[in-house]
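Worksheet: one structure, shown below.
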Amino acid sequence: MAQLLAETADLLEIGAGDPFRIRSYRRAAEAVETTTIQLSTIAGDPKKLQEIPGIGKGMAANIQEIERAGTLPLREELLLKYKPTMLELLRLPGMGPKTVALLWDALQIGSVEELEAAIAAGRLAGLPRFGDKLVEKLRKGIEDYKQNSGRFLIDDAEIAAEKLIAYLLELPGFTTILPAGSLRRGRDTVGDLDILATGPGCAEDKVSAAVEHAANYPPAATMLAKGQNKVSFRLRSGLQVDVRLLPEGSYGAALQYFTGSKMHNVSVRQRALKRGYTLSEYALARVDDGSFVAGATEEEIYAALGLDWIPPELRENNGEIEAAEAHRLPILIEEADIRGDVHMHTHATDGKNSILEMAEAGIARGYEYIAITDHSKNLAMTNGLDDKRALEHVKRIREVDAELEGKIRVFPGIEVDILGDGALDLSDEVLAQMDVVIASVHTLFNQPEQQMTERVLRAIENPYVRILGHPTGRLLLRREPFQMDLTAVLRRAAVLGVAVEHNAFPDRLDLCDRDLRLAKEMGCRIAINTDSHHTSHLTKMRYGIRQLRRAWLSKQDVLNTLPARKFLAALRPRPT
DNA sequence: GCCGTTTTCGGCCCGACTGTTTTCAGTCG
């Protein structure tokens, strides 16, 4: 529902519709996405629908129509005028609704493929605003887009996996059901979903009932294959799902095989051969007589090969096999190690909840502390705080902190913007009142490399800056490659004692295990934060933790595993 | 298209930056 509303907003924007009407559709999409109310249960009641902020008379009717017909008349109407593939064009960096409309009007370009061809043929020359730089930017954007299209963000895949597993478990007879593949390895994106199930109900004489059950999964949109012990289908989102039902004796071998990665498996199999074994998805067996050695669990397979069990996140053939042999695998950080989340927003700026609500969400997660770090004034769109409002906000945060004494600590903080000359947009006097000052690179993303590096380096020289915000990775979609001399910045941050933030939002993860390893090498202290704009966003921490695990990080490498008092003491000391 | 109210319609988050211009449109957060 949210997607249909958001797409309608995009199409209206390409058609240069009323910007306020467009915003209404965006707001409604957001409201539908974040509401905790099960919309299908109140879809028949327009009054109830209109109680949701952002949903009025018109949107209530739209929601009812989507619920009834699965689509939206306005969207259908717009799609007669514009092609659905134009929505993909909007995902390219530097591409907005005006440019999409221009390409369509002038050259009938309505898809990424058509744009690619037009660039190759030099057909864009002469179009207003299309100089060499913009064309090159789009060319690179297309290259990037093609690498990631057809893949799904890990959180979407995980939610789909959890729902499917809950459904499968309704049939008795399963003992273990796990996702394998890149989801289990904690990659940023997954191509398809591999679900592996076992238990007495998967034994040879009983498996057909389990196959039927899996094939009857209601959200399955297209059935692709139904075999003896495997069911494949595609969900409405386009995500392909393979469910494999395995006898208990070979479950570990299958899990190992389907978890991958390919390179890891090649190495493990070579190692098996050297020892006179052969490893397949069914079992580890002797080469000479084919007799069974191991297969029920991954642990027994790795052990038979002289290896400690290797966490899936490390299975990339990056030295994990050698480390497992030497019993030197790191003890990876876990979600339970995190004691605080020190980057979040409230409705003072662009967050959706109050200070108290965010704090209560922190308590519910068992945190010992959080920091409220709303935006500063430069981010005008979010109603960012100026000096005066920032001080008032600090006062309110301290009041909530006092109110919740004994339950959680609430630190006052700010996510402060770096201006064009490397200065910060709030005064030092105000920053001095904050426990957590995050200087964020988020508005510098589109700048030339050297300029961006200089600005960030200058910004962290400000003695009140304690955390550098968002320097690792980059947004997965609609984002140019990261343009900053990260090595230079991390080296300076380490010297200054400025902690480096890793952002735990799933759509912001890409290549950041590489960046995180670099940060560790440089001696940086790392904090992992969700940048939550809603109480529900606090759960996103799990995806960031996976990222840290992929970078081989332990609890000791991460700052916010410390208890509250030690955490503050571990931050860069403030000038007295 | 939503909201709040003045109950009938006006207001709705805005500033920096880039690449193209030669004064600004478009994108971004």
Side-chain angles (χ1 to χ4, degrees), chain A residues 5-6 8-14 16-32 46 49-63 65 72-75 89-103 124-138 141 345-352 374-386 389 415-425 440-452 455 469-470 474-475 477-480 483 503 505 507-508 531 533:
Chain A
L5 291 168
T8 306
D10 284 343
L11 290 165
L12 280 168
E13 206 167 13
I14 292 170
D18 172 15
F20 296 109
R21 188 179 176 212
I22 293 163
R23 185 183 298 167
S24 288
Y25 277 87
R26 289 253 152 75
R27 275 194 70 194
E30 210 174 295
V32 163
L49 285 172
Q50 286 178 60
E51 282 172 18
I52 301 169
I55 307 295
K57 205 171 155 196
M59 284 300 164
N62 282 338
I63 288 172
E65 186 58 19
L72 195 60
L74 177 60
R75 178 174 171 277
L89 277 176
L90 278 177
R91 305 262 76 87
L92 299 176
M95 221 7 149
K98 292 279 161 49
T99 313
V100 172
L102 172 71
L103 287 173
L124 300 184
L127 239 49
R129 291 197 320 107
F130 275 82
D132 291 346
K133 287 199 173 172
L134 182 57
V135 172
E136 177 57 17
K137 185 174 177 172
L138 291 173
H345 300 270
T346 70
H347 52 41
T349 60
D350 61 349
K352 299 283 179 272
D374 272 305
H375 292 291
S376 57
K377 66 181 177 194
N378 189 50
L379 213 52
M381 154 213 187
T382 67
N383 190 24
L385 307 174
D386 58 16
R389 286 181 63 217
E415 178 180 13
V416 67
D417 257 39
I418 301 170
L419 297 174
D421 57 358
L424 304 178
D425 70 334
S440 177
V441 306
H442 63 172
T443 53
L444 303 176
F445 262 111
N446 292 309
Q447 295 177 13
E449 170 166 346
Q450 194 187 345
Q451 204 171 330
M452 178 167 177
R455 288 171 183 181
H470 310 284
R474 60 184 162 116
L475 287 170
L477 305 168
R478 202 180 167 75
R479 168 68 54 230
E480 294 172 82
Q483 295 190 358
N503 197 265
F505 253 74
D507 62 348
R508 305 196 178 176
D531 189 4
H533 287 68

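Chain naming here is simple, since letters A, B, ... match the order of the sequence lines and numbering starts at 1 in each. In what follows, every heavy atom counts, from backbone to side chain, and hydrogens, waters and symmetry copies are set aside.
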Nearest-angstrom distance from the residue atom [atom1] of [X] to [atom2] of [N]:
X         : N       : atom1 : atom2 : result
Leu138(A) : dG19(B) : CG    : C1'   : 12 Å
Glu30(A)  : dG1(B)  : CD    : C1'   : 15 Å
Leu102(A) : dT20(B) : CG    : P     : 14 Å
Arg129(A) : dT22(B) : CZ    : C1'   : 17 Å
Leu127(A) : dG19(B) : CG    : C1'   : 15 Å
Ile22(A)  : dC2(B)  : CD1   : P     : 14 Å
Leu49(A)  : dC2(B)  : CG    : C1'   : 15 Å
Glu13(A)  : dG1(B)  : CD    : C1'   : 15 Å

What distance separates [X] [atom1] from [Y] [atom2], expressed to the nearest 0.5 Å?
X         : Y         : atom1 : atom2 : answer
Ile14(A)  : Thr99(A)  : CD1   : OG1   : 10.5 Å
Leu444(A) : Met452(A) : CG    : CE    : 5.0 Å
Asp425(A) : Lys377(A) : CG    : NZ    : 6.0 Å

Sugar-phosphate, base or nothing in reach of Gly420(A), heavy atoms under 4.0 Å: sugar-phosphate

Touch class at under 4.0 angstrom, heavy-atom based, for Asp350(A) against every strand present: nothing

Which listed nucleotide ([options]) is nearest to the side chain of [X]?
X         : options                  : value
Ala380(A) : dG1(B), dG15(B), dC12(B) : dG15(B)
Lys133(A) : dT27(B), dG19(B), dC2(B) : dG19(B)
Arg455(A) : dG1(B), dG26(B), dC17(B) : dC17(B)
Lys98(A)  : dG1(B), dG26(B), dA16(B) : dG26(B)
Pro97(A)  : dG1(B), dT27(B), dC17(B) : dT27(B)

Base-pairing assignment for dT8(B) (Watson-Crick or G-U wobble, both under 3.5 Å):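 Partner of dT8(B): none found under 3.5 Å.
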
Most 5' of Arg23(A) and Leu419(A) on DNA chain B, judged by nearest nucleotide: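 Here Arg23(A) is the residue nearer the 5' end.
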
Residue whose nearest DNA chain B nucleotide is more 5′ - Thr382(A) or Asp132(A):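 Closest to the 5' end, via its nearest nucleotide, is Thr382(A).
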
CA sep, side-chain torsions, deciding dist, call: His375(A), Asn383(A), side chain to side chain donor-acceptor pair (under 3.5 Å): CA-CA 8 Å; His375(A) 292 291; Asn383(A) 190 24; over 6 Å; no

For nucleotides [N] and [M], find the distance between their [atom1] atoms and express it as a whole number of Å.
N       : M       : atom1 : value
dC14(B) : dC9(B)  : P     : 24 Å
dG11(B) : dT18(B) : P     : 34 Å
dT27(B) : dT20(B) : P     : 14 Å
dC2(B)  : dT8(B)  : C1'   : 14 Å
dT21(B) : dG26(B) : C1'   : 13 Å
dT5(B)  : dC12(B) : P     : 14 Å

Residues Arg26(A), Asp10(A): salt bridge by 4.0 Å N-O rule: yes

Stepwise side chain to side chain donor-acceptor pair (under 3.5 Å) test for Thr382(A) and Asp350(A): CA-CA 5 Å; Thr382(A) 67; Asp350(A) 61 349; 5.0 Å; no

Partner of Leu424(A) under side chain to side chain contact (heavy atoms under 4.5 Å, CB included), chosen from Val416(A), Asp417(A), Leu419(A):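 So the option named by the test is Val416(A).
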
Asp421(A) CG: over 12 foreign heavy atoms closer than 6.0 Å: yes

Whether over 12 other heavy atoms sit under 6.0 Å from Gln450(A) CD: no

Short side-chain N/O contact to dT27(B) OP1/OP2 from Thr99(A), under 4.0 Å: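 Yes, such a contact exists.
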
Phosphate OP1/OP2 of dT18(B): any Gln451(A) side-chain N/O under 4.0 Å: yes

Interface with DNA chain B, restricted to residues 51-60 of chain A and to heavy atoms under 4.0 Å: Pro53(A), Gly54(A), Ile55(A), Gly56(A), Lys57(A), Gly58(A), Met59(A)

